[in-house]
2 protein chains.
Amino acid sequence: MAQKRELLDAIRSQGRRLTRQRQLVLEILEEGAEHLDAETVFERARERDERIGIATVYRTLAFLKEIGLVDEHQFGEDHGHFEAVQSDRPHYHFTCMKCGKVVEFQSPQVMKLARKLCESDDLQVVEVHLHLSGYCVQCRPAGTDCR
Amino acid sequence: MAQKRELLDAIRSQGRRLTRQRQLVLEILEEGAEHLDAETVFERARERDERIGIATVYRTLAFLKEIGLVDEHQFGEDHGHFEAVQSDRPHYHFTCMKCGKVVEFQSPQVMKLARKLCESDDLQVVEVHLHLSGYCVQCRPAGTDCR
DNA sequence: GTAAATGCAAACCGTTTGCTGTACA
DNA sequence: TGTACAGCAAACGGTTTGCATTTAC
């Protein structure tokens, strides 16, 4: 859970407000610890506040992203997935092409490699997205092996 | 340019047809050698065939992707970008957050690292998407250095 | 009290689909 | 000549926006 104090500071620093709805959305992302899409966040929010609207969810997700409390991922689908940032724990994802399961990795080697790739072109890396897809053990086509 | 022969085989093998429009879309992707979105492909196609429709462009892009002649990338934007595959040359992208410029990398190390990450969870890797973003030399905020 | 944020509904925009007519094999 | 494909327009689904109302500060 994010410290309430820090959260308040982050928000108020820009003359913006901590509303019931913003707390709710962030709470849902934090306790879920999954990669929820906006629709799912909306559904879960509705369970606790039946008056919240989908527009508020989208605006809040954009807002939380803007102040750095939430990350968005695409996963090759046509809609975004959101998660509360786990501070200074950059991580990467694998999606199973059959069952959709998502596995997370943490590996400093990825950032290291990214920096190395950028060196020769003098590029400054800010974000690194590594997204693998394939088959998990359960879904692997019979007879194939990790190639 | 893809060999016409191979192209025909790839298409006909499934009882499907090589139409003027499919040739046109593939031509545009190959000569552009950029990462075009569907709208841009459509505009360029219209210049040479004023009767082609956007639906045909989308259907053709999906078709070319299906038979493996075209790749789609998201680049964190809300719409897809397409490119003709350069056979067995997997590559990765960097997007400048200010000017939008795209830089490509080729590095076998990425696939190597991906496989290593997947080993312990017994995952079979099929696709690897590495997408970096940050600032190019021209756009780098003044006074900052490659951290 | 007064901006900022919400809720609702309508708009938006990239993409897909249904249908009828066209053209590749 | 039969069937895959094209063109058009309408539908779709995720996301954004305009506006009146509410609420945090």
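Computed from a predicted model, the values in this text were never measured in an experiment. Chain naming here is simple, since letters A, B, ... match the order of the sequence lines and numbering starts at 1 in each.
- A sub-4.0 Å separation between OP1 or OP2 of dA23(C) and a side-chain N or O of Q21(B) is absent.
- The two residues V110(B) and V128(B) come nearest to each other via the heavy atoms CG1-CG1, 3.8 Å.
- Distance check, rounded to the nearest 0.5 Å: CD of E127(B) to CG of D71(B) gives 7.5 Å.
- In the set dA25(C), dA6(D), dA5(C), dA6(D) carries the atom at the smallest distance from any side-chain atom of T19(B).
- With DNA chain C read from its 5' end, the first of the two nearest nucleotides for R16(A) and A55(B) is the one closest to R16(A).
- Comparing atom distances between the R17(A) side chain and each of dA3(C), dG18(D), dG14(C) picks out dA3(C) as nearest.
- Which of dT15(D), dC19(D), dA6(D) sits closest to the side chain of A38(A) comes down to dT15(D).
- Classified by interplanar angle (parallel below 30°, tilted 30° to 60°, perpendicular above 60°), the ring pair H73(B)/H91(B) is tilted.
- Straight-line distance from the CZ atom of F63(A) to the C1' atom of dT17(D): 19 Å, rounded to whole Å.
- Nucleic acid contact class of I54(A) (heavy atoms, under 4.0 Å, all strands): none.
- Among the nucleotides dC8(D), dG18(D), dT16(C), the one closest to any side-chain atom of R51(B) is dC8(D).
- Comparing G15(B) and G53(B), the nucleotide of DNA chain D nearest to each residue sits closer to the 5' end for G15(B).
- When each of dT6(C), dG7(D), dG14(C) is scored by its nearest atom to the side-chain atoms of Y58(B), the top-ranked nucleotide is dG14(C).
- If you check dC8(D), dC25(D), dC24(C) against the side chain of R12(A), the one that comes closest is dC25(D).
- Comparing atom distances between the D49(A) side chain and each of dT15(D), dG7(C), dG7(D) picks out dG7(C) as nearest.
- In this entry the distance linking CD of E50(A) with C1' of dC8(C) reads 15 Å, nearest Å.
- To the nearest 0.5 Å, atom CZ of residue R59(B) and atom CD of residue E66(B) are 13.5 Å apart.
- Evaluated for a side chain to side chain donor-acceptor pair (under 3.5 Å) with H35(B), the options H93(B), E72(B), H81(B) yield exactly one hit, H93(B).
- Residue-level contact check: R22(B) touches the backbone only, with heavy atoms under 4.0 Å from sugar-phosphate atoms and none from bases.
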